[in-house]
Amino acid sequence: LDHLAVVARTLEEGVAYINEALGIDIPKGGQHPDMGTHNHLMALGPDTYIEVITADPAAEHPGRPRWFGLDEFDAEPCLGTWIAGTPDIEASKAASPVDVGSVLQLSRGTLSWKISVADDGKLPLGGAFPSLIEWPAGGTHPASRMTDLGCRLTKLHIQSPDAFLIADFLGGALDDAKIEIAQGPHKLSAAFDTPKGERVLG
């Protein structure tokens, strides 16, 4: 589990959602010029983080659909999807039973990474199936350099009519007791241990 993505119409709405749900003022992140988006983010530990991501009204349109379904998103902020890390994104993409899109090489400031983005910008299985990310080998995870406000993920509940596809794809590669995959109507939720007690998104 690399990180969680909360999607919103504006950063103001997304930040307010996190504040109400978790009791945390999530710190400012930066811009993604290649996607016309911007974010706020914080560490959930040394190798996991959460971000609020939205279309950036001050940025030029990227000339392709934005990631995380943001071009079409017009609802209250929500936990949109989760992103799984892989040491070989091309191999993981080839093994995926779901079309995760193209592998893009992106950067923000000094960070660079490869990530899967659907050509139409939509989230695989509505966000239940993970997007894939590969950070450069040998480096420290960027979460280790993010602000840590003492929030820790305790449970990620992924419910989908296609739960079997997600479970089969992950197999034994993601041995994480925090991740729970269940058959049923689409629903994502995440539980956290925060300085203000147990809190839930979703």
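Here the structure is a predicted model, which means the values were calculated and not measured.
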J.: Classify the angle between the aromatic ring planes of Trp113 and Trp135 as parallel (below 30°), tilted (30 to 60°) or perpendicular (above 60°).
T.: tilted
J.: Only one of Ile50, Leu156, Leu4, Leu153 passes side-chain contact (heavy atoms from CB on, under 4.5 Å) with Leu201; say which it is.
T.: Ile50
J.: So with a 6.0 Å cut-off around CD of Gln183, is the heavy-atom count from everything else above 12?
T.: yes
J.: Looking at every heavy atom in both Ile89 and Val103, which two are closest together, and how far apart are they?
T.: CG2-CG1, 3.7 Å
J.: So for atom NZ, which belongs to Lys114, do other residues, nucleotides or ligands contribute more than 12 heavy atoms lying within a distance under 6.0 Å?
T.: no
J.: Look at the side chain of Gln159 and the backbone N and O of Pro185, then say whether any donor-acceptor pair between them is shorter than 3.5 Å.
T.: yes
J.: Side-chain contact test, heavy atoms from C-beta onward, threshold under 4.5 Å: evaluate it for Pro57 versus His38 and give yes or no.
T.: yes
J.: Looking only at non-hydrogen atoms, find the nearest pair between Pro27 and Met42 and report the distance.
T.: CD-CB, 3.8 Å
J.: Flag the pair Arg66 and Asp71 as a salt bridge only when some basic side-chain nitrogen lies within less than 4.0 angstrom of an acidic carboxylate oxygen.
T.: yes
J.: Rounded to the nearest 0.5 Å, what separates atom CD1 in Ile18 from atom CZ in Arg199?
T.: 11.5 Å
J.: Please report the interatomic distance CD1(Ile24) to SG(Cys151), rounded to the nearest 0.5 Å.
T.: 4.0 Å
J.: May I ask whether Leu170 and Ile115 are part of the same hydrophobic cluster, defined by side-chain heavy atoms of I, L, V, M, F, W, Y residues being less than 4.5 angstrom apart, directly or through others?
T.: no
J.: I want to check something: taking the side chain as every heavy atom from C-beta on, are Trp82 and Ile179 in contact at a cut-off of under 4.5 Å?
T.: yes
J.: What are the two closest heavy atoms between Ala182 and Ala163, and how far apart are they?
T.: O-CB, 3.3 Å
J.: Given the rule that I, L, V, M, F, W and Y join up when any side-chain heavy atoms are under 4.5 Å apart, are Leu123 and Val6 in one cluster?
T.: no
J.: Contact between Glu90 and Glu134 at the side-chain level, heavy atoms closer than 4.5 Å - yes or no?
T.: no
J.: Given side chains that start at C-beta, do those of Leu111 and Arg145 come closer than 4.5 Å, heavy atoms only?
T.: yes
J.: Kindly indicate whether the side chain of Arg64, heavy atoms from C-beta on, has any atom under 4.5 Å from the side chain of Val117.
T.: yes
J.: Does Ser102 use its side chain to pair, donor to acceptor, with the backbone of Leu104 at less than 3.5 Å?
T.: no
J.: Do the non-hydrogen side-chain atoms of Met35 and Phe68 ever get within less than 4.5 Å of each other?
T.: no
J.: Are more than 12 heavy atoms from other residues, nucleotides or ligands located less than 6.0 Å from atom CD of Glu60?
T.: no
J.: Would a 4.5 Å heavy-atom cut-off, applied to side chains only, mark Ser112 and Gln105 as touching?
T.: yes
J.: Considering all heavy atoms of both residues, which atom of Phe129 and which atom of Phe169 are nearest to each other, and what is their separation?
T.: CZ-CD2, 3.4 Å
J.: Answer with yes or no whether the side chains of His32 and Thr37 bring together a donor and an acceptor at under 3.5 Å.
T.: yes
J.: Write down the atom of Gly85, the atom of Asp2, and the distance for their closest heavy-atom approach.
T.: N-CB, 3.8 Å
J.: Can you name the nearest heavy-atom pair linking Thr81 to Gly127, along with the distance?
T.: OG1-O, 2.8 Å
J.: Nearest 0.5 Å, what's the CG-OG1 distance between Leu44 and Thr194?
T.: 11.5 Å
